[in-house]
Structures are given as structure tokens and as C-alpha cells.
Trainee: 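Structure incoming, see below.
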There are 2 protein chains.
Amino acid sequence: MDPAEPSGAARRVATRSDVARRAGVSTAVVSYVVNNGPRPVAAATRERVLAAMRDLDYRPNAVARALRMQRAHAVGLVVPDISNTYFGTLARVLSDRAFSAGYAMLLGDSHSDLERERAQIESLVTHRVDGLIVVSLEPGSTADVGTTPVVYLDQRTSKGQASVVVDNADGARQAVHHLAEHARRRIGHLAGPEGAPGTAARRSGWQEAALAAGLPADDDLVVHAPFSRDGGLVAGRELLQRSPRPDAVFVASDVQATGLLLAARELGIAVPDELAVISFDGTEETVFSDPPLTSVRQPVDRIVETALAMVLGESPPDEARSIPVQLVVRRSCGCDQTTQRIPDDATAGQAASSAADG
Amino acid sequence: MDPAEPSGAARRVATRSDVARRAGVSTAVVSYVVNNGPRPVAAATRERVLAAMRDLDYRPNAVARALRMQRAHAVGLVVPDISNTYFGTLARVLSDRAFSAGYAMLLGDSHSDLERERAQIESLVTHRVDGLIVVSLEPGSTADVGTTPVVYLDQRTSKGQASVVVDNADGARQAVHHLAEHARRRIGHLAGPEGAPGTAARRSGWQEAALAAGLPADDDLVVHAPFSRDGGLVAGRELLQRSPRPDAVFVASDVQATGLLLAARELGIAVPDELAVISFDGTEETVFSDPPLTSVRQPVDRIVETALAMVLGESPPDEARSIPVQLVVRRSCGCDQTTQRIPDDATAGQAASSAADG
DNA sequence: CTGTTAGCGCTTTCAA
DNA sequence: TTGAAAGCGCTAACAG
């Protein structure tokens with residue numbers, strides 16, 4: 001079929017030396033044209049090489065390249081649950097940013113299991129990703145990653161681990177403060193799983209703001225649950241059947257809030273009239289729930305950009321780079337507005353971090 | 001620091017030959033113990049090697065291994081939008097199954113853009129994944145993947161492309177049939193994007209079942225929209241303001257249904273009383289919407305298992321392996337049950353495919 | 001401007 | 001039971 005092919009070799013993919021042979025040049029020259037350097041190539045030669053590549057349907061082998069360059073051009077991401085819309089959004093943004101920078105993305109799902117988290121990290125390290133971003137389940141977890149740069153997307157307790165964290169406590173404070181302004185007197189907290197990074201910070205932000213507003217913040221106003229719709233449902237049923245019943249709840253994530261809303265419906269509790277709700281995350285889902293959820297928005301773009309830059313060595317690996325969050329008002333808190341930001345849309349992400357301390 | 005280290009070399013990760021040197025064996029022996037073969041190793045020797053590996057924190061380099069073995073132990077997945085819960089679930093299941101089989105997963109998000117889909121596929125092929133699973137945007141798209149095995153998770157129009165498809169038409173028929181049994185006389189269809197794989201099959205299933213029930217199935221009962229919440233909202237507003245207004249809608253995906261539900265709320269239309277709704281996908285989200293969505297469930301586990309087996313060469317790459325779907329009844333169709341399967345929970349996935357033809 | 005060549009870390013045949 | 005050595009496809013000195 002191909003007259004220039006020296007032997008009737010079995011169908012295999014073309015390598016760089018096939019291209020070199022067909023173009024009548026050395027393999028080095030092929031490299032030079034593929035990589036646009038590091039040496040110049042005569043225009044005519046380049047054309048011949050390009051033509052040979054086309055003819056042979058040549059595709060550089062990224063594995064060989066990775067071995068040679070000690071750089072896989074790939075980043076890894078490990079999340080507790082990729083079907084959770086927040087992590088889905090995170091993965092999407094990372095995939096995009098990585099792709100633009102010429103990196104592929106390897107994804108591991110830890111199923112909210114520490115053992116599995118370790119195994120996923122191990123797998124990605126073995127595959128020699130150039131950097132690893134992990135949303136962990138335990139603030140003290142410290143997987144052995146050799147020399148692979150890692151940044152955690154959550155609060156760390158161990159020293160020397162790079163991380164980018166949103167200002168969880170401040171977000172919680174903003175939420176509770178807002179609820180208090182709606183004259184809610186008994187603000188519950190549907191918290192994340194006990195021990196998970198961020199859970200404590202969100203809880204103490206809740207507590208602090210409640211106390212500051214002269215409101216109770218006892219243990220029986222809190223219930224912990226996994227970051228899932230079902231977790232929110234089960235915890236919501238429990239919380240809403242305690243007496244006295246809370247007249248507002250600050251929920252640690254959007255998916256849990258979805259569960260809480262269902263619990264409220266089951267119990268015939270009207271939201272926001274009888275129960276105001278504010279969640280954490282601010283995924284697109286909040287717009288479509290009934291009522292639309294007021295929530296503390298995590299700026300996923302910024303989080304990912306920051307983490308990626310750190311992990312790729314373009315920016316120093318800080319121990320806890322902090323990102324501000326911002327309350328986005330919808331209906332579940334009792335406000336009338338369809339959507340409004342606090343304090344001001346124009347200062348998004350800047351002023352927010354110190355706005356709700358009162 | 002390490003007395004056995006011959007030179008004070010810069011901190012780099014240990015290679016197999018470091019281990020060999022430290023254990024006083026050849027590199028081949030290290031391979032034998034790492035891989036448990038292909039040659040036997042004396043127990044004492046094995047111990048020495050294991051100890052050396054531990055001491056040096058040795059980790060096999062999957063990139064080198066991949067180059068040598070011509071097998072990356074990785075699979076690729078390309079989806080239109082990983083933040084869509086259906087694709088999130090798909091990714092999760094694939095990641096799990098792949099991991100269990102010793103494979104990593106590379107993920108590409110095409111942003112529902114054909115150009116980008118091609119680029120993502122190209123990237124994964126370049127990274128030499130052992131198999132590629134793609135949820136495409138166009139039934140005729142045919143990316144150049146060289147010799148990489150690909151299976152599409154949707155209807156194909158080009159010949160010779162492996163795919164596993166759910167029985168879209170049958171699912172649509174089941175949905176419409178059920179709606180008709182609720183005495184709905186004007187059943188609209190909120191369809192997927194025009195030209196997307198599966199869109200036509202779902203639409204013709206809708207049409208067929210409507211006509212079979214003596215109901216209208218004209219073009220003005222249909223509106224196409226992207227697979228997103230927002231797409232469903234915009235299309236829903238349009239569909240629900242046509243007159244005469246439909247008294248039921250079969251929606252092509254869960255996320256779109258979420259949008260439609262919001263549109264109904266905006267317009268003060270009660271679901272299911274004034275508008276019955278059935279969606280397609282059956283993600284967990286359907287349980288938590290208000291009202292809970294009756295939907296045609298895609299058996300993600302089976303889909304993924306089938307595709308993975310094909311792509312990994314454990315099963316012949318059929319041109320359109322078909323998977324049955326099943327209607328899961330909740331509230332949005334007008335039924336009272338909280339959850340019930342049709343025809344029978346015990347025969348899930350078996351009987352369903354031919355149940356709704358009447 | 002182009003070619004030769006030495007590895008990157010690993011597997012595996014072949015010989016000892 | 002162990003070791004030597006050839007290469008997987010590529011990059012980048014270095015030499016011409």
C-alpha cells in the first residue's frame with residue numbers, strides 16, 4: 001500500500017525513526033521540527049518532515065517523551081466524590097486550565113475513604129504526574145509522595161504541606177451574620193463529617209458569629225454528616241426534629257443543603273418562612289433548587305489557578321494560601337432578591353473576607 | 001545521611017538500579033521481585049531487595065514501564081461536561097472499575113465543543129492510554145486515534161466504530177407510555193441538542209409512543225436544548241408558554257428537567273398536577289428534586305463495565321452493544337409512590353427493555 | 001543546518 | 001536462581 005515503506009511490517013504506529021527514514025533525515029531533525037527547536041531546520045527539510053509525518057499518521061509518543069524529559073506533562077487530582085457537583089466543577093476547571101497549559105489530567109476518586117485516598121495518590125505518583133492536587137478527608141493525612149509536588153485544597157494540620165484554603169471561618173461568619181439579620185434566633189449548623197478538613201473552621205465560624213449576635217451555639221444545634229445529598233437528608237431530619245427546632249440552618253455544602261431541603265419538605269416546614277437556609281459552595285445547583293439557595297460561594301477558578309501554579313512550580317508553595325469567599329444571596333435565607341451579592345458585586349472576592357466580622 | 005549511598009548525589013528519586021546496588025543484586029532481580037516474576041527469586045534475596053526498596057523509598061516508574069511494555073495501564077474518558085451529575089457518576093464508576101483493574105484514568109472535558117472534543121481525544125491518544133471511552137457530541141464524529149481502541153458511549157452513524165448505547169428509543173417510549181396512562185393528552189418533549197447522539201432516538205421514541213396512544217407529536221411540542229440546567233430552564237420557559245400548553249413533558253436528561261422545574265415554578269405551574277414530568281438518566285439528583293423526578297434510569301455500572309471490557313480487549317468491540325433502560329417511578333409523573341420500579345424491581349434491567357412497547 | 005549518540009527506567013530473553 | 005544486555009521512543013548534547 002505504501003511504496004516508501006521498506007518492509008511489509010505488521011500494522012504498528014509510526015515512530016520518529018519511521019518518519020526520519022521516510023523524510024530522508026535523521027531522527028534529530030524530526031525532533032527539531034516537532035518541537036520547534038532547539039536547533040533550526042531548513043524550510044525545505046521541514047516540509048519533507050511534515051509531509052512524512054502526515055503520510056505516516058505520526059503522533060509523538062508522550063510516554064517516551066515523559067521518560068526522557070522527566071516530566072509527564074500531566075497533573076493529578078484526587079477528590080472524595082467526583083459525582084458531587086462541587087468536585088465536578090473543580091475537576092472541570094482544573095482540566096481546562098491544565099489542558100491550556102499543555103497538561104493532561106489524571107483523576108482519582110477516593111470515595112471519602114482514607115485508605116482509598118492513599119491508594120489513589122500512590123497510583124498517581126507512580127504515574128509520575130508533575131503535580132498533584134488533593135482534596136483530602138483528613139487534615140493530618142500525609143501520604144508518601146516522594147518528590148512529587150502536592151498541594152492540598154484544604155486546611156492542613158501537619159506542617160510543611162502546601163495548601164490553598166478558602167476562608168471557611170469567615171464564610172461561616174458571613175452566613176450566620178446574615179441569618180441573624182433576618183432576625184433568626186436559633187441558628188443550627190448542618191456540619192461536614194467530623195474530622196474532615198474545614199469542618200472545624202466552618203463550625204467555629206458559625207459558633208463565633210452566633211455568639212457575637214447573642215444567639216445560642218450549643219452542641220444540640222449541630223449535626224455532622226457526610227458531604228452528600230443523603231447525608232444532608234438524614235442529618236436534616238434529625239436536626240429538624242429536635243426541640244426547640246432551629247429557625248435557620250447554616251449548611252456546610254450545597255449537596256447537603258439539597259438533602260436538608262427534602263427533609264424540610266417531608267416535615268412540612270416552609271423554607272424560608274419557617275426555616276432559613278444558607279449553604280456553602282455556591283455551585284450552579286443553588287440557582288435551581290426550590291427555593292434557590294443563598295450560599296457562600298467558593299471561587300473555584302481562583303482556587304484552581306492558585307493550586308495549579310503552586311504545584312507546577314510557577315508560584316511558591318505556601319503552607320496555607322487563603323482565598324476569600326463571598327455570600328451570594330438568593331431566596332432560602334428569606335431575602336426577596338433573586339440574586340444579589342454582599343457586600344458589593346464590584347468588589348467580588350476582595351472585600352468579602354473581612355466583611356462579616358461584626 | 002545514608003551510609004550505603006555511594007555518592008552524595010543530589011536528592012532524586014531512587015531508581016531500580018539504586019535498589020539493585022544497595023541490595024547487591026542485578027536490576028533484573030529487582031524486577032523479578034517487584035513483578036513477582038517472571039523468574040523465581042530466592043527468599044533471602046527477595047528480603048534483601050524488599051528491604052532496599054523500603055530504605056530508599058523506591059517507587060517503580062510507571063512511565064518507564066509503560067514505554068517498555070507498550071501499555072500505559074491507563075484509560076481515557078472524554079465527556080461533554082464533568083460537572084453534569086450524570087457524567088460525574090459515569091466518571092466515578094469508570095475510575096473505580098479502572099482502578100480495580102490496575103488502571104489509572106485520564107479525564108478530558110470537551111465543553112460540548114466538537115473542536116475541543118477532538119483536541120482532548122488527541123491528547124489522550126498521545127499519552128498512549130490503553131483505551132478510550134468517549135461520550136461524543138456528534139454521532140458521526142470520527143477522531144483520528146491511530147490504533148488506540150475507542151468505544152463511544154452513544155449512537156454512532158459511521159460504520160466500524162465500537163459503541164455501547166442505551167436503548168434510548170425504548171426509554172422514551174416507556175416514559176411517554178407512562179405519561180399517557182396518567183391520562184395526559186398533550187405530551188411535550190424537551191429534547192437534547194439537535195444533532196447530538198441519542199437525541200434523535202429519544203425524540204422518535206417519544207413520537208412513536210405518543211402516536212401509538214393517539215396523542216399529538218407535532219414539532220411545536222418539541223424544543224431542543226443543551227444538556228444543562230440552564231438549557232432546560234430556557235427551553236422550559238419556551239415550551240410552557242406555547243399554547244396550547246403541554247400537560248406533560250418528557251425531558252431528555254435530569255439536569256434539563258431541573259431547569260424545566262424552575263421554569264414551571266416561575267410560571268406558577270404545579271408539578272405534577274398541571275404538568276407531569278419524566279426525565280432521562282436517573283441520577284441521584286432525581287430523588288432530591290421537588291417533586292422527586294420519575295425518570296428513565298441508565299444503568300451506569302453496566303454501561304461502564306461493558307465499555308471497559310471492550311476497550312481493554314476483554315470482550316469483542318461490538319458496533320452498538322445495546323443496554324436496556326428502566327423507568328423508575330417517583331412523583332413528578334403524578335404517581336403517589338415514593339419509589340417504585342416498573343415493571344418489577346426484581347427483574348431490574350432484564351424485562352424492562354421490552355416492557356413498554358404497547 | 002544536520003547527524004550521531006547516550007541515556008531516561010524498565011522488562012525480558014538468553015546465557016551462566 | 002541470578003546477571004548481562006538489548007531496546008521501548010524520545011531529547012539534546014556534541015560533532016561535523
Side-chain angles (χ1 to χ4, degrees), chain A residues 9-10 12-50 52-53 56-74 125-128 130 146-148, chain B residues 9-10 12-49 52-53 56-74 102 125-128 130 146-148:
Chain A
R12 45 174 268 285
V13 323
T15 74
R16 190 206 41 180
S17 82
D18 296 326
V19 175
R21 195 170 329 120
R22 179 180 245 266
V25 299
S26 76
T27 57
V29 172
V30 179
S31 267
Y32 301 153
V33 356
V34 167
N35 306 325
N36 249 304
R39 305 254 58 99
V41 173
T45 313
R46 165 184 311 278
E47 279 318 315
R48 285 214 316 289
V49 172
L50 257 14
M53 289 180 14
L56 299 174
D57 189 25
Y58 170 73
R59 205 183 317 275
N61 182 330
V63 172
R65 180 168 219 262
L67 177 60
R68 174 62 228 238
M69 301 184 69
Q70 303 286 41
R71 174 151 270 254
H73 289 278
V125 168
T126 286
H127 278 274
R128 292 297 194 270
D130 301 310
T147 59
T148 305
Chain B
R12 43 173 269 285
V13 321
T15 74
R16 189 206 41 182
S17 82
D18 296 325
V19 175
R21 196 172 327 121
R22 178 177 246 266
V25 299
S26 76
T27 57
V29 172
V30 179
S31 266
Y32 302 154
V33 357
V34 167
N35 304 326
N36 250 304
R39 306 253 58 97
V41 174
T45 313
R46 166 186 310 278
E47 279 318 314
R48 285 215 316 288
V49 171
M53 289 179 12
L56 298 175
D57 190 26
Y58 170 72
R59 206 183 314 276
N61 182 329
V63 171
R65 180 169 220 264
L67 177 59
R68 172 64 227 236
M69 300 185 72
Q70 303 286 44
R71 173 151 272 256
H73 290 278
V125 168
T126 286
H127 278 274
R128 291 299 193 268
D130 302 310
T147 59
T148 305

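Residue numbers begin at 1 in each chain, while the letters A, B, ... track the order of the sequences. Remember, it's a predicted structure, so these values are computed and weren't measured experimentally.
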Trainee: Where along residues 40-48 of chain A does a heavy atom come under 4.0 Å from DNA chain D, residue by residue in number order?
Mentor: none
Trainee: B/Val29 or A/Val63: which one's nearest nucleotide on DNA chain D is closer to the 5' end?
Mentor: B/Val29
Trainee: Using salt bridge (Lys or Arg N to Asp or Glu O under 4.0 Å) as the criterion, list what pairs up with A/Arg59, not counting sequence neighbours.
Mentor: A/Asp57, B/Glu122, B/Asp144
Trainee: Rounding to an integer number of Å, can you tell me how far A/Arg59 CZ sits from D/dC10 P?
Mentor: 12 Å
Trainee: Could you check how far CG of B/Asn36 sits from P of C/dT12, rounded to whole Å?
Mentor: 13 Å
Trainee: Using the rule given for side-chain contact (heavy atoms from CB on, under 4.5 Å), can you reason through A/Asn61 versus B/Arg128, listing the C-alpha separation, both sets of side-chain angles and the distance that settles it, and then say yes or no?
Mentor: CA-CA 7 Å; A/Asn61 182 330; B/Arg128 291 299 193 268; 3.6 Å; yes
Trainee: Can you list everything that forms a side chain to side chain donor-acceptor pair (under 3.5 Å) with A/Ser17? Sequence neighbours excluded, please.
Mentor: A/Thr15
Trainee: Examine distances only and state if a side-chain atom of B/Asp130 and a backbone atom of B/Arg71 form a donor-acceptor pair shorter than 3.5 Å.
Mentor: no
Trainee: Under 3.5 Å, side-chain donor or acceptor atoms of residues 28-39 of chain A against the rest of the protein: list the pairs with distances, not counting sequence neighbours.
Mentor:
{"unit_1": "A/Asn35", "atom_1": "ND2", "unit_2": "A/Ser31", "atom_2": "O", "d": "3.3"}

Trainee: Evaluate the criterion side-chain contact (heavy atoms from CB on, under 4.5 Å) for residue pair B/Arg22 and B/Val19; output intermediate values, then yes/no.
Mentor: CA-CA 5 Å; B/Arg22 178 177 246 266; B/Val19 175; 5.9 Å; no
Trainee: What's the CG-C1' distance between B/Leu56 and C/dG9, to the nearest Å?
Mentor: 15 Å
Trainee: If I compare all heavy atoms of B/His127 with all of A/His73, which pair ends up nearest, and what's the gap?
Mentor: CE1-O, 3.5 Å
Trainee: In whole angstrom, what separates A/Asn35's CG from D/dG9's C1'?
Mentor: 13 Å
Trainee: When you get a sec, tell me which of D/dG3, C/dC10, C/dG3 is the closest nucleotide to the side chain of A/Val25?
Mentor: C/dG3
Trainee: From CZ of A/Arg128 over to P of C/dC8, roughly how many Å is that when rounded to an integer?
Mentor: 14 Å
Trainee: What pair of heavy atoms forms the shortest contact from A/Ala23 to A/Ala52, and how long is it?
Mentor: CB-CB, 3.9 Å
Trainee: Return the value, rounded to whole Å, for the distance between atom CZ of B/Arg21 and atom P of C/dG9.
Mentor: 11 Å
Trainee: Are there any protein N/O atoms within less than 3.5 Å of an N/O atom in nucleotides 5-8 of chain D, and if so, which ones and at what distance?
Mentor:
{"unit_1": "D/dG7", "atom_1": "N2", "unit_2": "B/Arg68", "atom_2": "NH1", "d": "3.1"}
{"unit_1": "D/dC8", "atom_1": "O3'", "unit_2": "B/Gln70", "atom_2": "NE2", "d": "3.1"}
{"unit_1": "D/dC8", "atom_1": "O2", "unit_2": "B/Arg68", "atom_2": "N", "d": "3.3"}

Trainee: B/Arg68: which residues meet the side-chain contact (heavy atoms from CB on, under 4.5 Å) condition with it, sequence neighbours left out?
Mentor: none
Trainee: Which protein N or O atoms sit under 3.5 Å from an N or O of nucleotides 14-16 of chain C?
Mentor:
none

Trainee: Nearest 0.5 Å please: distance from the CZ atom of A/Arg46 over to the CE atom of A/Met53.
Mentor: 10.0 Å
Trainee: If we only count heavy atoms from C-beta on, is the B/Val41 to B/Val49 side-chain gap below 4.5 Å?
Mentor: no
